[in-house]
Amino acid sequence: MSMYGRDPWGGPLEINTADSATDDERSRNLQDLDRAALSRPLDETQQSWLLGPGEQKKKKYVDLGCIIVSRKIFVWTVGTILVSAFLAGFITLIVKTVPRHHRSHAPPDNYTLALHKALMFFNAQRSGPLPKHNNVSWRGNSGMRDGLSDNSVNKNLVGGFYDAGDAIKFNFPASFAMTMLSWSVIEYSAKYEAAGELNHAKEVIKWGCDYLLKTFNSSADTIDKIYAQVGEGDTSKGPTPNDHYCWVRPEDIDYPRKVYECHGCSDLAAEMAAALAAASIVFKDTKTYSHKLLHGSKTLFKYAREQRGRYSAGGTDPSLFYNSTSYWDEFLWGGAWLYYATGNSSFLQLATTRGLAKHAGAFWGGPDYGVLTWDNKLAGVQVLLSRLRLFLSPGYPYEDMLGTFHNQTNIIMCSYLPVFTSFNRTKGGLIQLNHGRPQPLQYVVNAAFLATLYSDYLEAADTPGWYCGPNFYSTEVLRDFAKTQIDYILGKNPRKMSYVVGFGNHYPKHVHHRGASIPKGRIRYNCKGGWKWRDSPRPNPNTLVGAMVAGPDKHDGFHDVRSNYNYTEPTLAGNAGLVAALVALSGEKSGIDKNTIFSAVPPMFPTPPPPPAPWKP
């Protein structure tokens, strides 16, 4: 008999009642099978299943739950893991506790070491309220009434830099110094960064440019005067207290300080324009400040072009110390920098005007051709605009004059080489760019900077060298020239003397400098009271770190005498050239920043030349 039910999966479910009757028989058969299985001997694994935990410990196997392993293998495995962990921890402890011996980096080269010091000179020359991080312990706030103590001016002219060993603030050489520093930062910002001096250099530039902005109405589009100088140095009028007659610390000056105005000063205005334009590129990422600098630069250049005249004409005080011979070179210099800062082609048209170049002496030659100074910037213009031709090659209508400047730059570089006789050299190897006249080093450092820079330009343009007549010279020859000159200044000379104060062990100790020669203390010396320090044979009580003194004579001779400024006085312009040359030579690699100077320059699409005149039979 069978019964049917509904299978939940769709089919009939059959239940056989006959099968259910045999359940007891099936149970008895299973019991017989179990007894048969138990009568058979068990292997070790099967026995372990039946043993309790206590009994298993006595056996050779370990039950890990999911697997059963040999006790010997288990012990060896666990022991190996523990020993390995111990050794790894011990080795890690040793590595962390034993001092590490990193492969030391090469020590800074002499140029980098000297760069640190050369920039410190500018800290020592600051006028006005000093920043907390000035790091010159013997200097303090000074010149806090500049411009206000002259009743005819009554304008705040506090700040800026003292020019040299006195407390006069000359705009003309100070502007040139700021232009040179900005140029070096634009080209070699990576090297400044590597030396840890980029922020320092930019602080120096800003300090100088902030003061220049005070010396004219920088917010206006049109001006009619510039405050060209604060302080006076002419002692021919008798024992009247001024910045040369008196020997006092700047902090102790108590006499009124005269301010010189100029109303027709194209040279000064164009140089100031160059300084502010170059600085606007340095600070291009600080938009507001860069725009302020650039606006001031345009205002100054417009004034320079419209109100012609030399700032030092007429035998004024500036003419006695920083006499400008012409303003044509400043027109080229200011125009070139304004072109780079703005990208406005009108400035490039001006800077490449053949007539201006002719007036500036580009085609004259002469004994001072190729010598970059605070007075004559022609060599700087020639190198600066050669850069434009090498990298952008704007073509017509600029190519004619740019090509001329490029060829002239090659000639200048040839004149620096010892195989040519354009300039004499001392027996010790110092090039005589000022033909044996005093204070030679300021000219040497500028030439070293131009030579290194032009060498880097050529390398960046994948040009291995240049021609001097039929002879080809590699870029390395220019770097060697620069190195030999700077090495001379740093101590490789017949006197084994470094002409940078604080560099090396043997350097001038009687620097012509009021602040460095008078002890800082409670005693304030009046105008003539400080003369005893001027005339003292003792070394300066304060070290004017980084100051490059005027230098040796044409026979490599040097007199470390405080009263002789032709040997021992440093200047802003001289130190700016030194800083530029040092940073260019510093580090293990050469190389410039090709693009930053072109940030504002639009893409170049050369204008096609005019068609030829129609043919006439």
Side-chain angles (χ1 to χ4, degrees), residues 127 143 145-161 163 168-179 208-234 236-237 242-243 256-277 292-335 337-338 347 350 356 359-360 374-377:
S127 177
R145 295 281 301 163
D146 281 355
L148 301 173
S149 63
D150 188 332
N151 294 329
S152 64
V153 174
N154 196 30
K155 178 177 172 58
N156 181 355
L157 297 175
V158 175
F161 292 104
D163 174 66
I168 302 178
K169 297 190 295 195
F170 295 101
N171 277 26
F172 195 49
S175 298
F176 175 71
M178 294 305 105
T179 311
C209 289
D210 284 350
Y211 174 74
L212 294 179
L213 289 170
K214 283 185 172 184
T215 60
F216 68 102
N217 187 355
S218 60
S219 62
D221 295 330
T222 303
I223 59 174
D224 61 357
K225 63 184 174 183
I226 298 174
Y227 299 107
Q229 178 180 322
V230 176
E232 188 175 24
D234 184 8
S236 64
K237 301 174 184 177
N242 70 20
D243 295 287
R257 307 240 298 157
K258 183 176 177 60
V259 175
Y260 283 86
E261 293 182 18
C262 68
H263 295 270
C265 37
S266 299
D267 38 17
L268 173 60
E271 178 56 61
M272 290 173 63
L276 298 184
K292 183 178 181 180
L293 292 169
L294 195 52
H295 181 269
S297 177
K298 292 176 183 177
T299 298
L300 285 165
F301 200 69
K302 177 184 176 183
Y303 174 64
R305 296 284 294 158
E306 292 178 351
Q307 300 292 326
R308 300 292 177 91
R310 290 190 304 116
Y311 96 105
S312 57
T316 59
D317 198 78
S319 68
L320 301 177
F321 307 102
Y322 286 101
N323 184 46
S324 173
T325 53
S326 82
Y327 48 72
W328 301 107
D329 55 308
E330 280 84 14
F331 281 168
L332 298 175
W333 183 240
W337 278 112
L338 272 164
F347 293 116
L350 179 73
L356 284 184
H359 285 306
W374 50 262
D375 177 34
N376 193 332
K377 289 86 181 184

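Distance check: Asn171 CG to Ile226 CD1 gives 7.5 Å after rounding to the nearest 0.5 Å. Remark: Glu261 CD to Thr316 OG1 distance equals 12.5 Å, nearest 0.5 Å. For the atom pair OG (Ser218) and CE (Met272), the distance works out to 9.5 Å, reported to the nearest 0.5 Å. The structure places CD of Glu271 at 10.5 Å from CE of Met178, a figure rounded to the nearest 0.5 Å. Rounding to the nearest 0.5 Å places CG of Leu300 at 8.5 Å from OG of Ser175. Distance check: Leu268 CG to Glu330 CD gives 9.0 Å after rounding to the nearest 0.5 Å.
Considering Phe176, Trp374, Tyr260 as possible partners of Tyr322, the one that fulfils the ring pair (Phe, Tyr, Trp, His ring centres under 6.0 Å) test is Trp374.
Judged as a side chain to side chain contact (heavy atoms under 4.5 Å, CB included), and not counting sequence neighbours, the contacts of Ala277 are Ser297, Trp337, Leu338, Ala341. With sequence neighbours excluded, the residues forming a salt bridge (Lys or Arg N to Asp or Glu O under 4.0 Å) with Lys169 are Asp146, listed by chain and number. Here Asn242 pairs with nothing under the side chain to side chain donor-acceptor pair (under 3.5 Å) rule; sequence neighbours left out. The salt bridge (Lys or Arg N to Asp or Glu O under 4.0 Å) search around Asp210 returns Lys206, not counting sequence neighbours. Partners of His359 under the side chain to side chain contact (heavy atoms under 4.5 Å, CB included) rule, at least two apart in sequence or in another chain, are Trp328. Contacts of Ser127 classified as side chain to side chain donor-acceptor pair (under 3.5 Å), with partners at least two apart in sequence or in another chain: Tyr162. Residues satisfying the disulfide (SG to SG under 2.5 Å) test with Cys265, not counting sequence neighbours, are Cys262. Among residues two or more places apart in sequence or in another chain, the ring-ring contact (aromatic ring centres under 6.0 Å, His included) test is passed with Phe172 by Tyr311. By the side chain to side chain donor-acceptor pair (under 3.5 Å) test, Asp267 pairs with Ser324, sequence neighbours left out. With sequence neighbours left out, the side chain to side chain donor-acceptor pair (under 3.5 Å) criterion links Gln229 to Asp317. For Arg310, there are no salt bridge (Lys or Arg N to Asp or Glu O under 4.0 Å) partners, not counting sequence neighbours.
Residues Ala274 and Trp333 come closest through the heavy atom pair CB-CD1, 3.5 Å. For the pair Phe301 and Phe347, the tightest heavy-atom approach, listed with the atom from each and the gap, is CD2-CE2, 3.9 Å. Leu293 approaches Leu213 most closely through the heavy-atom pair CD2-CD1, 4.0 Å. Residues Ile168 and Arg257 share a closest heavy-atom pair of N-NH1, 4.3 Å. Between Val158 and Tyr211, the shortest heavy-atom contact is O-CD1, 4.1 Å. Between Tyr303 and Ile223, the shortest heavy-atom distance links the atoms CD1-O, 3.4 Å.
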Derivation and outcome, side-chain contact (heavy atoms from CB on, under 4.5 Å), residues Leu350 and Leu356: CA-CA 8 Å; Leu350 179 73; Leu356 284 184; 3.3 Å; yes
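Looking only at atom types and distance, the side chain of Ser219 has a donor-acceptor partner in the side chain of Asn217 under 3.5 Å away.
Pairs of residues two or more places apart, or lying in two chains, never qualify as salt bridge (charged side-chain N to carboxylate O under 4.0 Å, His left out) while including a residue from residues 298-309.
By the 4.0 Å N-to-carboxylate-O rule, Glu232 lies close enough to Lys237 to be salt-bridged with it.
Remark: the backbone N or O of Gln307 is paired with a side-chain donor or acceptor of Ser266 at under 3.5 angstrom.
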